[in-house]
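Following: one structure in structure tokens, then a few remarks.
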Amino acid sequence: MRKKFSFLLLLLLLVAGPLLAQSRVGRPAPSINVAKEFALAAKQYDRMLRTHPDTKQFPQSSKPDGSINNRDASWWCSGFFGGSLWYLFEQTKDPKWKTAADKWSMAVAGQQHNTETHDLGFMLYCPLGNGYRLTKNETYRPILLTGAQSLATRLRPEYGVIRSWNEFKGYNYPVIIDNMMNLEFLFWAAKASGDKKLYNLCISHADSTLKNHFRSDHSSYHVVCYEPGGKVLARHTAQGAADGSAWARGQAWGLYGFTVMYRETKDPKYLAHARRIANFYLKHPNLPVDKIPYWDFNAPGIPNEERDASAGAVAASGLLELCTYSGKEGKAYYEAAVAMLTSLSSPAYRAKLGENNHFLLKHSVGNKPANSEVDVPLVYADYYYLEALLRYEALHKQPAYRL
Ligand code: GLY
């Protein structure tokens, strides 16, 4: 009898123990095998490196004929490959990735003097910022600081926002929601150099964006055009389905960007805004069950429209930070991010070794209205996917992490 009781007790402990432990600490068990996903990424990007001996040819995407599409250092995406190589180094600790990441990061260094683009955060901070964070290599620091000052020249005080494009369809002083992503770079430079002007510039840009880029349902316009004095002249889209539509990657850029604003300022208005964007995104009736959006939430042919894995990867990464600031409600953000990462890691989106021109993810959309980069791999989808995996892993390693 005693033997039977002990056996039942043991059985109960075996079954209920892990569940009880989990609920006591409020900590979900990891369901994504980050080491396995990185091992596959390492094999795939090893091939990418071997097919890219020339650091003037940055992997970008696939062409309509299926061949690789490379771009030069001045293209807005030139920093993502180096950034992904740093993430591979961060996870694997294999010095071969550090060597490759350094080479591809330094390949964009010349862009530090480029004052013709607002994308210097993507171009410089993703590669060299990650490199500096991981290695403290002092070569990277002055390049980053010069780049931040170049970016700062794009904020004209009479407008109070950082200008995005120099010229597009005759738009006056256009600002795109994507530009929120470059503020993290300026925050870093403000801290590294003590230049308070860079910090104030982030606040000015984010406050104007918060005021002018969003609709009452908390979705955002893609492009807002300004006149001096900061008054809005017009609202448009360039990459979305319509001026009034919710272009999926734009929503993800906003979610991520306002989460960074909260991280850097601790001003609750940015947190509230990031959460409003997240709620719009996650509760949208057109968000598919696998949580990878169509390229635009209002694309006219849904459900027969392309998905955008890049938006899914950016949103997953943003949500994995946002959940840490959101108390009990962070659970829903965490769970949504895990669902996104699970989908992206499945054969539906994850390329097999040797396929997909050696990119990691399939099925992204760059610019559907221009019929450019539709249903293809994109280098930045890979970057934010790896970043999200690392964030996921970091959350699970923190002893104090609760949901
Ligand atoms: N401008 C960056 C993007 O296509 O999202």
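Indexing begins at 1, ligand by ligand and atom by atom, following the structure's order. Remember, it's a predicted structure, so these values are computed and weren't measured experimentally.
To the nearest 0.5 Å, atoms CG (Leu134) and CD (Glu90) are separated by 4.5 Å.
The pair Lys368-Asp308 fails the salt-bridge criterion, with no side-chain N (NZ, NE, NH1 or NH2) lying under 4.0 Å from an Asp/Glu carboxylate O. Using a 4.0 Å cut-off between charged side-chain N and carboxylate O, Lys98 and Asp102 make no salt bridge.
Between Tyr380 and Phe80, the two ring planes are tilted [angle within 30° to 60°].
Close approach of ligand 1 to Asp178 is summarised as follows: ligand atoms under 4.0 Å from at least one heavy atom of the residue are 1 (N), 2 (C), 3 (C), 5 (O). Atoms of ligand 1 found under 4.0 Å from any heavy atom of Arg249 (numbered from 1 in listed order, with element): 3 (C), 4 (O), 5 (O).
Looking only at side-chain heavy atoms (C-beta outward), Tyr325 and Arg275 stay at 4.5 Å or farther from each other.
Ligand 1 lies less than 4.0 angstrom from a heavy atom belonging to Trp76. Proximity of Trp247 to ligand 1 is established by a heavy-atom distance of less than 4.0 Å.
Looking at ligand 1, you'll find an N or O of Trp253 within less than 3.5 Å of one of its N or O atoms.
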